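Some notes on the structure that comes next.
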Amino acid sequence: MEDADREVLEFIGDQGKTAEQVSDRFPAFDLERLVRAELARPRRTNPVKSQSHRAAPAPDPTFYVLTSRGAEAIGLEPYTLHSD
């Protein structure tokens, strides 16, 4: 694992971060690389939201969380609040 990967995983941490937060802090980092390596995964912020009328759904920001493997890679317990 590269140093940049570790820094991003530590930034995501146990609580997770939005894609925008990660890109603001690490503008040139390819977050999808961590997803492909199964170190982080996207998670919708409100996966069960429903609406009582027809309207365009409000956009949910993509929220990235560590997988068990990602947590373990940076020394956290493998089963964090947001992991698999």
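Atoms considered below: every heavy atom in the structure, side chains included; atoms not considered: hydrogens, waters and symmetry mates. Everything quoted here is computed from the prediction, not taken from an experiment.
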CZ of Arg69 to CG of Leu34: how many Å apart, nearest 0.5 Å? 10.5 Å
Which heavy atom in Lys17 sits nearest to a heavy atom in Phe11, and how many Å separate them? CE-O, 3.0 Å
Minimum heavy-atom separation for Gly13 and Leu76, please, with both atom names. C-CD1, 4.4 Å
Atom CD of Glu10: over 12 foreign heavy atoms under 6.0 Å: yes
Using side-chain heavy atoms (C-beta onward) and a distance below 4.5 Å, is Asp5 in contact with Arg33? yes
Going from CD on Glu72 to CG on Leu66, what distance comes out if it is rounded to the nearest 0.5 angstrom? 11.5 Å
Separation between OH of Tyr64 and CG of Leu9, rounded to the nearest 0.5 Å: 13.0 Å
Roughly how far, to the nearest 0.5 Å, is CZ of Arg41 from OG of Ser68? 9.0 Å
Checking Thr67 side chain against Leu39 main chain: does a donor-acceptor pair fall under 3.5 Å? yes
Any donor-acceptor pair under 3.5 Å from Arg6 side chain to Ala73 backbone: yes
Counting C-beta onward and ignoring hydrogens, is there a side-chain heavy-atom pair between Leu31 and Phe26 closer than 4.5 Å? no
Using a strict threshold of under 4.0 Å (side-chain N to carboxylate O), is an ion pair present between Arg36 and Asp30? yes
Looking at every non-hydrogen atom in both residues, tell me the closest pair between Gly16 and Val65 and how far apart they are. CA-CG1, 4.3 Å
